[in-house]
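All values below were derived from every heavy atom in this structure, side-chain atoms included, with hydrogens, water molecules and symmetry-related copies excluded. Please read these numbers as outputs of a predicted model, since none were measured by experiment.
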Amino acid sequence: MDLGFLIHSLIPSWNSVALLVAFFTYLAIAGTIVPGKVVPGVILADGTRLHYRCNGLFLLLLLVALLGIGANMGFISLTVISERGLELLSTTFIFSILVTLVLYFAGCKSRSKDSSLKPHISGDLIHDWWFGIQLNPHFMGIDLKFFFVRAGMMGWLLINLSVLAKSVQDGTLGQSMILYQLFCVLYILDYFVHEEYMTSTWDIIAERLGFMLVFGDLVWIPFTFSIQGWWLLWNKVELPTGAVLANFFVFLIGYMVFRGANKQKHDFKKNPKAFIWGKPPKVIGGKLLASGYWGIARHCNYLGDLLLALSFSLPCGLSSPVPYFYPIYLLILLIWRERRDEARCAQKYKEIWEQYRQLVPWRILPYVY
């Protein structure tokens, strides 16, 4: 692939704009009218709380079914995303810049005193644009933060399925591609089965909506988390049976830690007396859970996330570092985020956090870090 071809492929087209607009329109309309479990969010500083309609799983399955029917009837090609991947990347990137500029100026003009919409302006334009000004901005009744993270996770699956269709079309489908696709499908479906857990994550409850989150949700998640699929589309990898079994083991351990830790945290926030691993929870200062996975490491869910990311890359073998971009990046990100979490928790919980640190000395991986 020469530079000229690469630059040409990155130029947005009206077709890529139409695909993006159609995708967002579907999510906005269907997300509003399709029934789903309404989950209350955490109580905000002013005593209010948002409510989230968790119907993402149905929306995803319905969308995949509609695309399948449309492809069968000749209305759409299943390989359209894989064939227009770079221009969709640049189109989504430009959209992220534009929408966050709108969020910035709308936030600056806001006079709301509500926790969700109260502007937090530092005076540094780049800082405020990057990290955001408002906690939970809305557009036409849609919570944009919840909307964008949902779009990113669905976009990741749609890219993968299009790459899979391209692999089948080209006759290059192999064991490694199937393994990668299987792990990603299970992970993404599990995300939407437990979509309500997202309402208690740090991104939703504490991060303001700026370029960092919008770009992360709409560009970084779908287009970089799918690098392994793109790589396998052009590189054939045959894994020995032992490597396949080891890959399954890494995925299962990662899933067990990731899902188990997030479930324990979510259940604890809903009911602080809920049993953890069959025992009453150990709680520090009446606020911090120190049982189960959270009694092993202070950010044990990050360990599960890292193992899952590694399991997505292992089907690509060890011949190139390219498919390992995601787990390497995630390791750097989660260490940075863990440091930010530690600083915020120390400020918020003060001596209670210090007690928790003494009881649970390990940050992510016991006896290592």
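Taking every heavy atom of both residues into account, S82 and S162 meet most closely at N-OG, 2.9 Å. The heavy-atom pair separating H127 from S122 by the smallest distance is ND1-OG, 3.5 Å. The two residues A274 and P281 make their nearest non-hydrogen contact at O-CD, 3.3 Å. The heavy-atom pair separating L60 from M154 by the smallest distance is N-CE, 3.7 Å. Minimum heavy-atom separation, C300 to V257: O-CG1, 3.4 Å. The shortest non-hydrogen separation linking P315 to L232 is O-CD2, 4.2 Å.
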Exercise. How far apart are the C-alpha atoms of F211 and F131, what are their side-chain angles, what is the distance that settles it, and do they pass the side chain to side chain contact (heavy atoms under 4.5 Å, CB included) test?
Worked result: CA-CA 6 Å; F211 183 77; F131 289 104; over 6 Å; no

For this session: Would you please test Q228 and Y324 for side chain to side chain contact (heavy atoms under 4.5 Å, CB included) and show each step?
Result: CA-CA 8 Å; Q228 301 93 323; Y324 290 86; over 6 Å; no

For this session: Would you please test Y367 and W362 for ring pair (Phe, Tyr, Trp, His ring centres under 6.0 Å) and show each step?
Result: CA-CA 7 Å; Y367 305 103; W362 305 109; 5.4 Å; yes

Problem set entry | side-chain hydrogen bond (donor to acceptor under 3.5 Å, both in side chains) assessment of H266 paired with E196 | CA-CA 9 Å; H266 183 77; E196 67 176 276; 3.2 Å; yes

For this session: For F147 and F139, run ring pair (Phe, Tyr, Trp, His ring centres under 6.0 Å): C-alpha distance rounded to whole Å, both residues' side-chain angles, the deciding distance at 0.1 Å, then the answer.
Result: CA-CA 10 Å; F147 178 86; F139 177 71; 9.5 Å; no

For this session: Decide side chain to side chain contact (heavy atoms under 4.5 Å, CB included) for V219 and L89; before the verdict, give the C-alpha distance in whole Å, the side-chain angles of both, and the deciding distance to 0.1 Å.
Result: CA-CA 7 Å; V219 180; L89 168 63; 3.6 Å; yes

Exercise. Which is it for D170 and T172 under the side-chain hydrogen bond (donor to acceptor under 3.5 Å, both in side chains) test, yes or no, and what are the steps along the way?
Worked result: CA-CA 6 Å; D170 294 348; T172 60; 5.2 Å; no

For this session: Quick one: do C108 and I121 satisfy side chain to side chain contact (heavy atoms under 4.5 Å, CB included)? Show the steps, please.
Result: CA-CA 7 Å; C108 287; I121 302 174; 4.2 Å; yes

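Taking the six-membered ring for Trp and the full ring otherwise, Y104 and W129 have centroids separated by 6.0 Å or more. In this structure, the ring of W220 has its center less than 6.0 angstrom from the ring center of F325. Between Y197 and Y191, the distance separating the two ring centers is not shorter than 6.0 angstrom. Ring pair W156/F312: centre-to-centre distance below 6.0 Å. Checked against the 6.0 Å centroid threshold, F251 and Y187 do not count as a close aromatic pair.
In this structure, the side chains of V283 and K287 stay at 4.5 Å or more apart for every pair of heavy atoms. The shortest distance between side-chain heavy atoms of L239 and S176 falls below 4.5 Å. Counting only heavy atoms from C-beta outward, the side chains of F248 and F183 approach each other to under 4.5 Å. Contact of the L209 side chain with the F148 side chain is registered, since non-hydrogen atoms from C-beta on lie closer than 4.5 Å. M177 is not listed as a side-chain neighbour of V168, based on a closest heavy-atom distance of 4.5 Å or more. The shortest distance between side-chain heavy atoms of L135 and K145 falls below 4.5 Å. Looking only at side-chain heavy atoms (C-beta outward), R337 and Y302 come within less than 4.5 Å of each other. Residues Y180 and L314 are not in side-chain contact: their nearest non-hydrogen atoms beyond the backbone lie 4.5 Å or more apart.
No donor-acceptor pair under 3.5 Å is formed between the side chain of S167 and the backbone N or O of V163. The backbone N or O of F58 sits nowhere less than 3.5 Å from a side-chain atom of N55 that would complete a donor-acceptor pair. The closest donor-acceptor contact from the side chain of R49 to the backbone of G41 lies under 3.5 Å. Using a distance-only test at 3.5 Å, with no hydrogens or angles considered, no donor-acceptor pair links the side chain of H299 to the main chain of A297. At least one donor-acceptor pair closer than 3.5 Å links the side chain of W294 to the backbone N or O of A261. Of the possible polar contacts, one joining the N271 side chain to the K273 backbone as a donor-acceptor pair under 3.5 Å is found. Between the side chain of S110 and the main chain of G107, no donor-acceptor pair closer than 3.5 Å is present. Using modelled atom types, one side-chain atom of N235 and one backbone atom of W231 make a donor-acceptor pair closer than 3.5 Å. A donor-acceptor contact shorter than 3.5 Å is absent between the side chain of Q355 and the backbone of I284.
Salt-bridge formation is detected for the pair E195/R150: a Lys NZ or Arg NE/NH1/NH2 atom is positioned less than 4.0 Å from an Asp or Glu carboxylate oxygen. A salt bridge links R259 and D190; the closest N-O separation between the charged side-chain nitrogens and carboxylate oxygens is under 4.0 Å. R340 has a carboxylate O that lies under 4.0 Å from a charged side-chain N of E207, or vice versa, which qualifies the two as a salt bridge. Using a cut-off of 4.0 Å between Lys/Arg side-chain N and Asp/Glu carboxylate O, E342 and R298 are scored as salt-bridged.
No option in K265, K270, K263, Q264 other than K263 meets the side-chain hydrogen bond (donor to acceptor under 3.5 Å, both in side chains) test with D267. Screening L88, I81, L63 against F23 for a side chain to side chain contact (heavy atoms under 4.5 Å, CB included) leaves a single residue, L63. When each of L157, L158, I221, I159 is tested with S226 by the rule side chain to side chain contact (heavy atoms under 4.5 Å, CB included), just one qualifies, namely I159.
Here the CG atom belonging to D217 is positioned 6.0 Å from the CG atom belonging to L213, to the nearest 0.5 angstrom. The line from CH2 of W353 to CZ of R344 is 12.5 Å long, rounded to the nearest 0.5 Å. Between Y52 atom OH and S200 atom OG the span is 10.0 Å, to the nearest 0.5 Å. Taking CZ from F192 and CG from L57, the interatomic distance works out to 8.0 Å, rounded to the nearest 0.5 Å. Rounding to the nearest 0.5 Å places CG of L306 at 8.5 Å from OH of Y326. Put simply, NZ on K118 and CG on D46 are 9.0 Å apart, with the number rounded to the nearest 0.5 Å.
With sequence neighbours excluded, the residues that form a side-chain contact (heavy atoms from CB on, under 4.5 Å) with T25 are V21, I29. Legend: residues meeting side-chain hydrogen bond (donor to acceptor under 3.5 Å, both in side chains) with R84, ordered by chain and number and at least two apart, are E87. Residues satisfying the side-chain contact (heavy atoms from CB on, under 4.5 Å) test with F249, not counting sequence neighbours, are I253.
L310 and M256 fall within the same hydrophobic cluster, defined by Ile, Leu, Val, Met, Phe, Trp and Tyr side-chain heavy atoms under 4.5 Å apart, directly or through other members.
Residue W234 places its CH2 atom among 12 or fewer non-hydrogen atoms of other residues, nucleotides or ligands, all under 6.0 Å distant.
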